[in-house]
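Since we're looking at a predicted model, the values are computed, not measured. Residue numbering restarts at 1 for every chain, and letters A, B, ... go by the order of the sequence lines.
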Amino acid sequence: MDVLFLFEWLDASMLATISKSNGGVFALVQTVHLVSLALLGGMSIMLDLRLLNLLLRDVPLLIVVAETKKWIGVALVTITLSGVYQASAVAIKLYYNSFFWSKMAGLVIALLLYYAIKLPLLNRGVDKFHPWTIKLVAVASLTTWFGVAATGRWIGFS
Amino acid sequence: MLNKLLYDFAMWLDSQAWSISLHESYYLYGWIETTHVLTLAIFFGMLLVIDLRMLGVVFTRVPASTIARRLDFPMMVGFLVMVVTGLLLFYAIPVRTTQSIWFRIKVVLLLAAGLNALLFRHAMEASVVSWDIDPIPPKRIRYGAVLSLMLWTGVIATGRMIAYDWFDCHKDMSRLMYWAAGCVNELVTAEGY
(Lines give C-alpha, C1' and ligand atoms only; values in the text may rest on other atoms or scores of the structure.)
Protein backbone atom coordinates (compact mmCIF):
# COMPACT_ATOMS: atom_id res chain seq x y z
CA MET A 1 0.00 0.00 0.00
CA ASP A 2 1.39 3.38 -0.98
CA VAL A 3 1.27 5.80 1.94
CA LEU A 4 2.35 8.87 -0.03
CA PHE A 5 -1.09 10.39 0.55
CA LEU A 6 -0.37 10.46 4.31
CA PHE A 7 2.82 12.47 3.72
CA GLU A 8 1.00 14.77 1.28
CA TRP A 9 -1.69 15.33 3.90
CA LEU A 10 0.94 16.10 6.55
CA ASP A 11 2.75 18.43 4.13
CA ALA A 12 -0.45 20.41 3.54
CA SER A 13 -1.49 20.47 7.22
CA MET A 14 -1.55 23.44 9.59
CA LEU A 15 1.32 21.80 11.51
CA ALA A 16 3.51 21.93 8.39
CA THR A 17 2.68 25.62 7.89
CA ILE A 18 3.83 26.32 11.46
CA SER A 19 6.97 24.14 11.35
CA LYS A 20 8.10 25.52 7.98
CA SER A 21 7.76 29.15 9.01
CA ASN A 22 9.30 29.02 12.52
CA GLY A 23 12.98 28.07 12.32
CA GLY A 24 13.64 28.87 15.98
CA VAL A 25 10.76 26.72 17.21
CA PHE A 26 11.91 23.93 14.88
CA ALA A 27 15.40 24.02 16.44
CA LEU A 28 13.93 23.92 19.95
CA VAL A 29 11.75 20.94 19.01
CA GLN A 30 14.91 19.24 17.70
CA THR A 31 16.46 19.80 21.14
CA VAL A 32 13.42 18.23 22.82
CA HIS A 33 13.82 15.29 20.40
CA LEU A 34 17.50 14.90 21.37
CA VAL A 35 16.86 15.19 25.12
CA SER A 36 14.07 12.60 24.80
CA LEU A 37 16.46 10.39 22.82
CA ALA A 38 18.94 10.67 25.70
CA LEU A 39 16.22 9.77 28.21
CA LEU A 40 15.17 6.76 26.14
CA GLY A 41 18.81 5.80 25.58
CA GLY A 42 19.73 6.17 29.24
CA MET A 43 16.81 4.07 30.48
CA SER A 44 17.11 1.39 27.76
CA ILE A 45 20.89 1.06 28.08
CA MET A 46 20.59 0.85 31.87
CA LEU A 47 17.97 -1.91 31.67
CA ASP A 48 19.87 -3.88 29.02
CA LEU A 49 23.20 -3.60 30.84
CA ARG A 50 21.41 -4.76 34.02
CA LEU A 51 20.07 -7.78 32.10
CA LEU A 52 23.61 -8.46 30.92
CA ASN A 53 24.79 -8.24 34.56
CA LEU A 54 27.14 -5.39 33.72
CA LEU A 55 25.47 -2.53 35.61
CA LEU A 56 23.45 -1.99 38.81
CA ARG A 57 24.00 -5.61 39.88
CA ASP A 58 23.16 -4.66 43.48
CA VAL A 59 19.79 -3.14 42.51
CA PRO A 60 16.87 -5.62 42.29
CA LEU A 61 15.88 -6.25 38.65
CA LEU A 62 12.20 -5.65 39.46
CA ILE A 63 12.98 -2.07 40.53
CA VAL A 64 15.06 -1.42 37.39
CA VAL A 65 12.27 -2.80 35.16
CA ALA A 66 9.53 -0.76 36.89
CA GLU A 67 11.49 2.52 36.88
CA THR A 68 12.73 2.25 33.29
CA LYS A 69 9.31 1.19 31.95
CA LYS A 70 7.69 4.43 33.12
CA TRP A 71 10.38 6.71 31.67
CA ILE A 72 10.77 4.78 28.43
CA GLY A 73 7.04 5.41 27.91
CA VAL A 74 7.45 9.15 28.61
CA ALA A 75 10.45 9.37 26.25
CA LEU A 76 8.62 7.54 23.47
CA VAL A 77 5.65 9.95 23.67
CA THR A 78 7.87 13.06 23.50
CA ILE A 79 10.06 11.55 20.77
CA THR A 80 6.95 10.76 18.69
CA LEU A 81 5.38 14.21 19.15
CA SER A 82 8.60 16.10 18.43
CA GLY A 83 9.35 13.70 15.54
CA VAL A 84 5.97 14.30 13.88
CA TYR A 85 6.48 18.08 14.21
CA GLN A 86 9.89 17.84 12.50
CA ALA A 87 8.57 15.45 9.84
CA SER A 88 5.78 17.88 8.96
CA ALA A 89 8.36 20.42 7.73
CA VAL A 90 9.93 17.97 5.25
CA ALA A 91 7.17 15.38 4.78
CA ILE A 92 7.54 14.74 1.03
CA LYS A 93 11.34 14.66 1.24
CA LEU A 94 11.11 12.07 4.03
CA TYR A 95 8.82 9.86 1.98
CA TYR A 96 11.62 9.46 -0.60
CA ASN A 97 14.40 9.06 2.02
CA SER A 98 15.62 5.49 2.51
CA PHE A 99 17.21 6.29 5.92
CA PHE A 100 13.82 7.48 7.18
CA TRP A 101 12.23 4.15 6.24
CA SER A 102 15.17 2.25 7.78
CA LYS A 103 14.62 4.22 10.99
CA MET A 104 10.88 3.52 10.99
CA ALA A 105 11.50 -0.21 10.40
CA GLY A 106 14.06 -0.23 13.22
CA LEU A 107 11.64 1.63 15.48
CA VAL A 108 8.86 -0.91 14.89
CA ILE A 109 11.28 -3.78 15.60
CA ALA A 110 12.59 -2.04 18.75
CA LEU A 111 9.06 -1.40 20.06
CA LEU A 112 7.95 -4.98 19.34
CA LEU A 113 11.09 -6.27 21.02
CA TYR A 114 10.42 -4.18 24.12
CA TYR A 115 6.64 -4.42 24.51
CA ALA A 116 5.93 -7.85 22.94
CA ILE A 117 9.02 -9.80 24.00
CA LYS A 118 11.17 -8.19 26.70
CA LEU A 119 8.48 -6.90 29.09
CA PRO A 120 6.31 -10.09 28.99
CA LEU A 121 9.47 -12.14 29.49
CA LEU A 122 10.57 -10.01 32.47
CA ASN A 123 7.07 -10.07 33.94
CA ARG A 124 7.13 -13.89 33.92
CA GLY A 125 10.45 -13.83 35.77
CA VAL A 126 13.95 -14.11 34.34
CA ASP A 127 14.64 -17.27 36.36
CA LYS A 128 12.16 -19.14 34.15
CA PHE A 129 14.38 -18.67 31.10
CA HIS A 130 17.89 -19.69 30.10
CA PRO A 131 20.31 -16.85 31.04
CA TRP A 132 21.49 -16.62 27.44
CA THR A 133 17.92 -15.97 26.27
CA ILE A 134 17.82 -12.88 28.50
CA LYS A 135 21.28 -11.77 27.36
CA LEU A 136 20.33 -12.26 23.71
CA VAL A 137 17.21 -10.10 24.13
CA ALA A 138 19.31 -7.38 25.82
CA VAL A 139 21.92 -7.38 23.03
CA ALA A 140 19.19 -7.34 20.35
CA SER A 141 17.54 -4.41 22.11
CA LEU A 142 20.79 -2.41 22.39
CA THR A 143 21.65 -3.07 18.75
CA THR A 144 18.19 -2.12 17.49
CA TRP A 145 17.97 1.15 19.45
CA PHE A 146 21.46 2.17 18.31
CA GLY A 147 20.40 1.40 14.74
CA VAL A 148 17.29 3.57 15.11
CA ALA A 149 19.33 6.51 16.47
CA ALA A 150 22.07 6.14 13.84
CA THR A 151 19.71 5.94 10.85
CA GLY A 152 17.84 8.91 12.34
CA ARG A 153 21.02 11.00 12.19
CA TRP A 154 21.70 9.89 8.62
CA ILE A 155 18.33 11.25 7.46
CA GLY A 156 19.94 14.67 7.71
CA PHE A 157 22.96 13.70 5.63
CA SER A 158 21.09 12.29 2.66
CA MET B 1 42.70 40.34 20.27
CA LEU B 2 41.39 36.96 21.48
CA ASN B 3 39.08 36.79 18.46
CA LYS B 4 42.04 37.34 16.12
CA LEU B 5 44.09 34.64 17.88
CA LEU B 6 41.22 32.17 17.68
CA TYR B 7 40.63 33.05 14.02
CA ASP B 8 44.32 32.58 13.13
CA PHE B 9 44.38 29.25 14.98
CA ALA B 10 41.21 28.13 13.15
CA MET B 11 42.71 29.18 9.80
CA TRP B 12 45.86 27.19 10.59
CA LEU B 13 43.79 24.11 11.45
CA ASP B 14 41.73 24.64 8.31
CA SER B 15 44.88 24.46 6.17
CA GLN B 16 45.83 21.03 7.52
CA ALA B 17 45.47 18.19 5.02
CA TRP B 18 43.68 15.96 7.58
CA SER B 19 41.16 18.66 8.38
CA ILE B 20 40.31 19.04 4.69
CA SER B 21 40.13 15.26 4.21
CA LEU B 22 37.83 14.89 7.21
CA HIS B 23 35.58 17.71 6.02
CA GLU B 24 35.34 16.28 2.53
CA SER B 25 34.83 12.68 3.63
CA TYR B 26 31.10 11.95 3.41
CA TYR B 27 31.11 8.69 5.39
CA LEU B 28 33.80 9.41 8.00
CA TYR B 29 32.40 12.83 8.90
CA GLY B 30 28.88 11.38 8.99
CA TRP B 31 29.89 8.53 11.27
CA ILE B 32 31.84 10.82 13.61
CA GLU B 33 28.76 13.02 13.95
CA THR B 34 26.53 9.96 14.40
CA THR B 35 28.86 8.65 17.14
CA HIS B 36 28.75 12.10 18.77
CA VAL B 37 24.93 11.93 18.94
CA LEU B 38 24.88 8.27 20.05
CA THR B 39 27.32 8.91 22.90
CA LEU B 40 25.19 11.90 23.86
CA ALA B 41 22.44 9.35 24.55
CA ILE B 42 24.83 7.37 26.76
CA PHE B 43 26.38 10.32 28.59
CA PHE B 44 23.30 12.51 28.97
CA GLY B 45 21.06 9.46 29.49
CA MET B 46 23.10 8.38 32.52
CA LEU B 47 23.37 11.97 33.77
CA LEU B 48 19.58 12.34 33.51
CA VAL B 49 19.06 9.26 35.68
CA ILE B 50 21.55 10.50 38.31
CA ASP B 51 20.08 14.03 38.37
CA LEU B 52 16.48 12.75 38.47
CA ARG B 53 17.45 10.51 41.43
CA MET B 54 18.93 13.58 43.15
CA LEU B 55 15.61 15.34 42.56
CA GLY B 56 13.75 12.42 44.13
CA VAL B 57 11.95 11.56 40.89
CA VAL B 58 13.39 8.15 39.93
CA PHE B 59 14.79 5.14 41.80
CA THR B 60 13.65 6.59 45.13
CA ARG B 61 13.86 3.10 46.70
CA VAL B 62 17.57 2.84 45.82
CA PRO B 63 20.28 4.78 47.76
CA ALA B 64 21.31 7.88 45.82
CA SER B 65 25.00 7.01 46.14
CA THR B 66 24.39 3.59 44.53
CA ILE B 67 22.83 5.20 41.44
CA ALA B 68 25.54 7.89 41.22
CA ARG B 69 28.47 5.50 41.66
CA ARG B 70 27.20 2.70 39.43
CA LEU B 71 26.28 5.00 36.54
CA ASP B 72 29.44 7.07 36.81
CA PHE B 73 31.57 4.72 34.67
CA PRO B 74 29.28 4.42 31.61
CA MET B 75 28.59 8.17 31.88
CA MET B 76 32.31 9.01 31.80
CA VAL B 77 32.93 6.59 28.91
CA GLY B 78 30.15 8.35 26.99
CA PHE B 79 31.61 11.74 27.90
CA LEU B 80 35.10 10.78 26.75
CA VAL B 81 33.91 9.52 23.35
CA MET B 82 31.69 12.58 23.03
CA VAL B 83 34.66 14.91 23.66
CA VAL B 84 36.91 13.07 21.18
CA THR B 85 34.26 13.07 18.44
CA GLY B 86 33.42 16.70 19.26
CA LEU B 87 37.05 17.73 18.82
CA LEU B 88 37.18 15.87 15.50
CA LEU B 89 34.02 17.68 14.34
CA PHE B 90 35.63 20.99 15.29
CA TYR B 91 38.84 19.97 13.49
CA ALA B 92 36.86 19.21 10.32
CA ILE B 93 35.21 22.67 10.19
CA PRO B 94 37.36 24.94 12.38
CA VAL B 95 36.75 28.43 10.94
CA ARG B 96 32.96 28.37 10.75
CA THR B 97 32.74 26.65 14.16
CA THR B 98 35.08 29.17 15.82
CA GLN B 99 32.94 31.97 14.37
CA SER B 100 29.65 30.41 15.49
CA ILE B 101 27.94 32.28 18.32
CA TRP B 102 26.20 29.02 19.27
CA PHE B 103 29.49 27.15 19.56
CA ARG B 104 30.85 29.93 21.76
CA ILE B 105 27.80 29.79 24.06
CA LYS B 106 28.09 25.99 24.08
CA VAL B 107 31.72 26.17 25.27
CA VAL B 108 30.77 28.60 28.07
CA LEU B 109 27.87 26.34 29.11
CA LEU B 110 30.18 23.30 28.97
CA LEU B 111 32.66 24.98 31.31
CA ALA B 112 29.83 26.00 33.67
CA ALA B 113 28.38 22.46 33.58
CA GLY B 114 31.82 20.99 34.30
CA LEU B 115 32.33 23.35 37.26
CA ASN B 116 28.85 22.57 38.57
CA ALA B 117 29.56 18.82 38.24
CA LEU B 118 32.74 19.17 40.31
CA LEU B 119 31.02 21.21 43.04
CA PHE B 120 27.96 18.94 42.94
CA ARG B 121 30.07 15.79 43.31
CA HIS B 122 32.02 17.34 46.18
CA ALA B 123 28.80 18.42 47.98
CA MET B 124 27.24 15.02 47.43
CA GLU B 125 30.19 12.99 48.67
CA ALA B 126 30.61 15.22 51.72
CA SER B 127 27.04 14.79 52.91
CA VAL B 128 25.53 11.72 51.24
CA VAL B 129 25.78 9.55 54.40
CA SER B 130 23.12 11.66 56.10
CA TRP B 131 20.52 11.45 53.28
CA ASP B 132 21.57 8.51 51.09
CA ILE B 133 18.39 6.48 51.59
CA ASP B 134 16.01 9.46 51.70
CA PRO B 135 13.65 9.37 48.71
CA ILE B 136 14.11 13.14 48.29
CA PRO B 137 17.64 14.54 48.89
CA PRO B 138 18.26 17.92 50.61
CA LYS B 139 17.44 21.19 48.88
CA ARG B 140 21.03 22.16 47.95
CA ILE B 141 21.53 18.80 46.21
CA ARG B 142 18.27 19.27 44.30
CA TYR B 143 19.33 22.77 43.22
CA GLY B 144 22.60 21.33 41.93
CA ALA B 145 20.70 18.68 39.96
CA VAL B 146 18.34 21.26 38.41
CA LEU B 147 21.30 23.46 37.45
CA SER B 148 23.07 20.45 35.93
CA LEU B 149 20.01 19.52 33.85
CA MET B 150 19.56 23.13 32.67
CA LEU B 151 23.22 23.58 31.72
CA TRP B 152 23.50 20.28 29.85
CA THR B 153 20.19 20.87 28.05
CA GLY B 154 21.64 24.25 27.05
CA VAL B 155 24.78 22.49 25.76
CA ILE B 156 22.63 20.17 23.63
CA ALA B 157 20.42 23.02 22.37
CA THR B 158 23.33 25.28 21.39
CA GLY B 159 25.16 22.29 19.88
CA ARG B 160 22.16 21.63 17.66
CA MET B 161 21.92 25.33 16.69
CA ILE B 162 25.51 25.35 15.30
CA ALA B 163 24.06 23.81 12.13
CA TYR B 164 21.90 26.92 11.50
CA ASP B 165 23.38 29.94 9.72
CA TRP B 166 21.19 32.62 11.36
CA PHE B 167 24.20 34.43 12.85
CA ASP B 168 26.98 33.38 10.49
CA CYS B 169 29.58 36.03 9.65
CA HIS B 170 28.28 36.56 6.10
CA LYS B 171 24.96 37.81 7.53
CA ASP B 172 24.29 41.47 8.10
CA MET B 173 24.59 41.88 11.89
CA SER B 174 25.37 44.49 14.52
CA ARG B 175 28.98 45.15 15.56
CA LEU B 176 28.26 43.56 18.93
CA MET B 177 27.18 40.35 17.20
CA TYR B 178 30.22 40.39 14.90
CA TRP B 179 32.42 40.75 17.98
CA ALA B 180 30.56 38.05 19.97
CA ALA B 181 30.77 35.62 17.04
CA GLY B 182 34.40 36.47 16.38
CA CYS B 183 33.84 37.73 12.81
CA VAL B 184 37.17 39.56 12.71
CA ASN B 185 37.14 40.51 9.00
CA GLU B 186 33.53 41.74 9.07
CA LEU B 187 34.26 43.73 12.24
CA VAL B 188 37.14 45.52 10.50
CA THR B 189 34.87 46.34 7.54
CA ALA B 190 32.07 47.50 9.85
CA GLU B 191 34.46 49.79 11.72
CA GLY B 192 35.50 51.32 8.38
CA TYR B 193 39.24 50.64 8.59
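Annotation: Asp172(B), atom CG; neighbour count of heavy atoms from other residues, nucleotides and ligands within 6.0 Å does not exceed 12. Within 6.0 Å of atom OH in Tyr143(B), 12 or fewer heavy atoms from other residues, nucleotides or ligands are found, so the atom counts as exposed in its surroundings. Atom OH of Tyr27(B) sits in a sparse spot, with 12 or fewer heavy atoms from other residues, nucleotides or ligands closer than 6.0 Å. At most 12 heavy atoms of other shown residues, nucleotides or ligands fall within 6.0 angstrom of atom CD1 in Ile133(B). In Ile20(B), the CD1 atom is crowded: over 12 heavy atoms of neighbouring residues, nucleotides or ligands sit closer than 6.0 Å. Counted within 6.0 Å of NE2 on His122(B), heavy atoms from surrounding residues, nucleotides or ligands total 12 or fewer; the atom is thus considered open. Annotation for Phe9(B): atom CZ does not count as buried by contact number, only 12 or fewer foreign heavy atoms lying within 6.0 Å. Counting non-hydrogen atoms of neighbouring residues, nucleotides and ligands closer than 6.0 angstrom, the CH2 atom of Trp9(A) reaches no more than 12 such neighbours.
Each of Gly41(A), Gly156(A), Gly152(A), Ala150(A) has some count of heavy-atom pairs under 4.5 Å with chain B, and the biggest count is that of Ala150(A). Interface remark: of the candidates Leu40(A), Val35(A), Thr68(A), Val35(A) forms the most heavy-atom pairs closer than 4.5 Å to chain B. Ranked by heavy-atom pairs shorter than 4.5 Å toward chain A, the options Val57(B), Thr35(B), Val58(B) are led by Val58(B). In terms of non-hydrogen atom pairs under 4.5 Å with chain A, the most contact-rich of Tyr29(B), Phe43(B), Trp152(B), Phe44(B) is Phe44(B). Your options are Ala163(B), Ala41(B), Gly159(B), and the one with the most heavy-atom pairs under 4.5 Å with chain A is Ala41(B). The candidate from Gly30(B), Gly78(B), Ala157(B) with the greatest count of non-hydrogen atom pairs under 4.5 Å with chain A is Gly30(B). Chain A forms the most heavy-atom pairs under 4.5 Å with one residue out of Val49(B), Leu38(B), Leu48(B), Ile156(B), and that residue is Leu38(B). Most heavy-atom pairs under 4.5 Å with chain B, from the set Leu34(A), Val59(A), Val64(A): that is Leu34(A).
Rounded to the nearest 0.5 angstrom, Arg70(B) CZ and Leu49(A) CG are separated by 14.0 Å. Taken from CG in Leu56(A) to OG1 in Thr66(B), the straight-line distance is 8.5 Å, to the nearest 0.5 Å. With values rounded to the nearest 0.5 angstrom, Met46(B) atom CE is found 5.0 Å from Ile45(A) atom CD1.
Only the side chain of Leu55(A) comes within contact range of chain B, with heavy atoms under 4.5 Å apart. Contact of Pro74(B) with chain A is made through the side chain alone, with heavy-atom distances under 4.5 Å. Only the side chain of Val62(B) comes within less than 4.5 Å of a heavy atom in chain A; its backbone stays farther off. Neither the backbone nor the side chain of Val32(A) comes within less than 4.5 Å of any heavy atom of chain B.
Of the possible donor and acceptor atoms, one in the side chain of Glu67(A) sits under 3.5 Å from a partner among the backbone N and O of Phe59(B).
Both Met150(B) and Ile141(B) belong to a single network of hydrophobic side chains, linked directly or stepwise wherever heavy atoms of I, L, V, M, F, W or Y lie under 4.5 Å apart. Residues Met76(B) and Leu118(B) fall into different hydrophobic clusters, defined by Ile, Leu, Val, Met, Phe, Trp and Tyr side chains chained together at heavy-atom separations under 4.5 Å. Residues Leu80(B) and Met75(B) do not share a hydrophobic cluster, defined by chaining ILVMFWY side chains whose heavy atoms lie under 4.5 Å apart. Placement of Val137(A) and Ile109(A) in two distinct hydrophobic clusters is found when ILVMFWY residues are connected by side-chain heavy-atom separations under 4.5 Å, directly or transitively. The same ILVMFWY cluster, assembled from side-chain heavy atoms under 4.5 Å apart, contains both Val29(A) and Phe26(A).
Side chains of Phe73(B) and Leu54(A) form no contact here, defined as non-hydrogen atoms less than 4.5 Å apart.
Ring geometry, Trp154(A) versus Trp31(B): the interplanar angle falls from 30° to 60°, so the pair is classed tilted.
Below 4.5 Å, heavy atoms of chain A meet no heavy atom from residues 88-111 of chain B. Contact residues of residues 71-95 of chain A toward chain B are Trp71(A) (heavy-atom distance under 4.5 Å).
In terms of heavy atoms, Trp166(B) sits closest to Ala27(A) at CH2-CB, 3.8 Å.
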